[in-house]
Amino acid sequence: MSEQRFSSYIGGQWVEGEGDQADENPADLASPVGHYGTLDAARTAQAVDAAATAFPKWSLSSPQQRADILDFVGSEILARKAELGRLLAREEGKTLAESIGEAARAGQIFKFFAGEALRIPGEKLASTRPGVDVEITREPVGTVGIIAPWNFPLAIPAWKIAPALAYGNTVVFKPAEIVPGCAWAIAEILSRAGLPEGVFNMVLGSGRVVGQALVEHNGLDALSFTGSVPTGHALLKQAAARALKVQLEMGGKNPLVVLADADLDVAVECAVNGAYFSTGQRCTASSRLIVESVVYDEFVARIQARLATLTVGDPLEEGVHIGPVASQAQLDTDLSYIQAGHDDGAELLAGGRRVERGTEGHFLAPTLFAANPSDRIAREEIFGPVAALLRADDYDHALALANDTEFGLCAGICTTSLKHATHFKRHAQAGMVMVNLPTAGVDPHVPFGGRKASSYGPREQGRYAVEFYTTVKTAYTAA
Ligand code: ADP
């Protein structure tokens with residue numbers, strides 16, 4: 001397969017970075033997807049300058065122009081979803097079916113926000129004073145920095161870039177280090193979409209250099225970040241120090257509760273999908289399976305049997321259900337948590353070891369431990385195909401365990417009881433709740449986000465994205 005060299009995109013020009021960083025294929029380390037050079041702080045600052053310079057004119061552009069551009073981008077991504085999905089599968093490692101699905105979703109998000117560009121909301125109210133009109137309008141926030149992770153390298157950039165542009169902002173997009181190919185593909189399409197130069201910029205490089213230079217630049221008006229908790233919290237402090245508008249999506253330790261009255265076929269499918277598909281590398285992954293005592297042994301037997309049917313391997317191969325772990329660093333993290341599971345006395349029920357395939361890659365068997373609620377594997381986000389099984393005495397105990405976490409992104413329950421489902425929807429301390437569905441797998445047109453340590457700032461996606469990407473103006477007119 002051909003190897004490409006990926007460039008950054010600044011002020012309407014393709015810009016070569018320094019050095020030669022390999023863009024690895026985690027399923028086959030001998031055949032990298034491509035190479036790229038990294039930018040330094042000065043080049044990154046140029047990208048923010050370009051975006052800041054382009055903002056005044058772009059902020060007044062016609063909504064129809066913005067809608068047409070976003071529609072073009074969405075249509076092209078959808079038309080090329082098989083090819084883009086293949087690139088994603090080779091670069092990040094999720095299966096081809098999952099990757100094509102993600103590409104399609106990215107296209108749909110651009111199309112959704114093409115429509116939203118024409119529906120920017122406002123209000124007109126009666127004043128408390130006679131003879132005065134009050135209008136509430138929304139204006140773009142300005143130059144937006146977008147820092148994205150590697151686990152959804154097409155969809156997450158799409159759900160940040162599309163609303164940013166729809167509402168009239170300019171963008172500097174910094175992708176994660178291990179997915180420059182997907183970032184380049186998005187930038188390449190945007191470069192042909194009719195945007196004035198400087199409106200969209202993409203900068204390749206490390207978080208420490210390029211990410212920091214972006215965040216520290218005074219020209220930045222807002223920052224949307226998805227990534228790890230430590231990085232998010234460090235960025236929050238920097239943003240607070242200079243009153244930068246900020247939106248953070250960070251980790252999860254999402255519970256899936258299985259009650260005694262659940263349909264166990266549904267519950268096992270929800271658990272396997274939520275915990276292991278996309279190699280468990282989703283912030284909404286079901287990493288804690290909380291099962292009511294009465295059905296615990298039956299659930300263990302069924303999930304062990306189901307896991308035995310799953311094939312780990314090259315994501316491009318037919319019949320593979322779980323691709324490789326995305327990087328050596330993530331694999332090291334996963335293996336260290338498997339060791340922590342053993343050290344804490346958790347009982348290994350499945351997996352727990354690397355898998356050999358025909359190529360050198362980061363293959364890891366889906367791993368399940370029977371754990372205690374205090375074990376590290378039951379408390380800390382792992383971000384791999386490693387789940388902790390917890391035993392609950394009854395519904396109340398299960399709910400308490402579900403909420404016993406610093407995180408609050410998504411919570412799921414499998415039950416046939418309307419009473420328990422209704423109670424759980426109300427009392428689960430999470431931004432998103434699933435009933436008889438995997439915790440991972442959300443719609444693109446409704447809000448996405450969590451509570452507690454999982455998220456900070458306004459929600460992403462759907463019409464709620466307007467909160468972050470616009471600022472409100474209240475205007476009074478003497479009639
Ligand atoms: P992960 O552990 O999943 O890679 P990170 O939070 O480290 O999560 O990375 C998420 C994104 O944040 C990536 O694009 C990364 O380059 C960027 N990043 C990491 N450190 C910093 C930093 N100090 N400043 C700005 N961006 C950063």
Side-chain angles (χ1 to χ4, degrees), residues 6 8 17 21 23-24 26 36 38-41 43-45 47-48 91-94 144-161 171-184 186-187 201-217 220 222-242 244 246-253 278-285 287 325-337 362 380-386 407 409 453-456 460:
F6 304 116
S8 295
Q21 190 85 19
D23 176 14
E24 282 185 341
Y36 69 102
T38 56
L39 298 184
D40 58 16
R43 284 286 199 175
T44 307
V48 185
E91 186 173 63
E92 194 269 350
K94 66 183 64 161
V144 180
I146 291 175
I147 299 184
W150 47 259
N151 64 326
F152 284 94
L154 292 177
I156 292 179
W159 82 51
K160 294 176 188 292
I161 295 166
V171 168
V172 181
F173 163 43
K174 188 223 134 1
E177 291 86 329
I178 64 169
V179 287
C182 286
W184 174 85
I186 293 173
N201 307 272
M202 189 274 286
V203 288
L204 295 177
S206 73
R208 205 172 31 81
V209 176
V210 171
Q212 270 308 300
L214 177 57
V215 173
E216 284 166 7
H217 196 296
L220 204 69
L223 173 70
S224 180
F225 166 86
T226 300
S228 66
V229 175
T231 307
H233 285 174
L235 293 179
L236 180 57
K237 285 202 187 101
Q238 291 178 51
R242 51 175 284 215
L244 183 69
V246 67
Q247 171 184 59
L248 308 172
E249 286 301 339
M250 297 169 285
K253 194 71 189 173
S278 296
T279 321
Q281 297 171 156
R282 298 185 282 194
C283 42
T284 48
S287 46
V325 173
S327 68
Q328 182 67 50
Q330 185 59 54
L331 180 66
D332 292 344
T333 301
D334 297 349
L335 292 172
S336 77
Y337 274 107
H362 306 306
E380 298 172 17
E381 184 178 51
I382 301 171
F383 219 65
V386 183
F407 296 107
L409 188 57
S454 290
S455 304
Y456 182 89
E460 301 199 80

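Numbering of ligands and ligand atoms starts at 1, following listing order. Numbering of residues begins at 1 and proceeds along the displayed sequence.
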Looking at residues at least two apart in the chain, or sitting in another chain, which of them share a side chain to side chain contact (heavy atoms under 4.5 Å, CB included) with Ser224? Lys160, Gln247, Glu460, Phe468, Tyr469

Those residues at least two apart in sequence (or on a different chain) that pass side chain to side chain contact (heavy atoms under 4.5 Å, CB included) with Ser336 are none

Between Asn151 and Gln281, is there a donor-acceptor pair closer than 3.5 Å when you use the side chain of the first and the backbone of the second? yes

Atoms of ligand 1, numbered as shown, that sit under 4.0 Å from any heavy atom of [X]:
X	value
Ile147	11 (C), 12 (O), 14 (O), 17 (C), 25 (C), 26 (N)
Leu235	24 (N), 25 (C)
Trp150	3 (O), 4 (O)

Looking only at heavy atoms, the pair that brings Ser454 and Gly251 closest together is OG-O, 2.8 Å

Which pair of non-hydrogen atoms, one from Phe383 and one from Arg282, has the smallest distance, and what is that distance? CE1-C, 3.6 Å

I'd like to know if Phe383 contacts ligand 1, where contact means a heavy-atom distance under 4.0 Å to any ligand atom. no

Before signing off on this row, confirm whether [X] and ligand 1 have an N or O atom pair separated by under 3.5 Å.
X	result
Ser206	no
Ser228	yes
Gln212	yes

I'd like the name of whichever of Gly145, Pro175, Gly211 reaches closest to atom 25 (C) of ligand 1 through any heavy atom. Gly211

Which of these, Ala148, Pro149, Gly207, Gly227, has its nearest heavy atom closest to atom 13 (C) of ligand 1? Ala148

For the residue pair Phe152 and Trp159, does the interplanar ring angle fall in the parallel (under 30°), tilted (30 to 60°) or perpendicular (over 60°) class? tilted

Answer yes or no: are there more than 12 heavy-atom neighbours, outside Arg208 itself, under 6.0 Å from its atom CZ? no

Could you tell me whether atom 3 (O) of ligand 1 has at least one protein heavy atom nearer than 4.0 Å? yes

Within-4.5 Å side-chain heavy-atom neighbours: His233 and Met250: yes

Checking a contact table here: which protein heavy atom is nearest atom 7 (O) of ligand 1, and how many Å away? Thr231 OG1, 3.5 Å

Got the closest protein heavy atom to atom 15 (C) of ligand 1, with its distance? Glu177 OE1, 3.6 Å

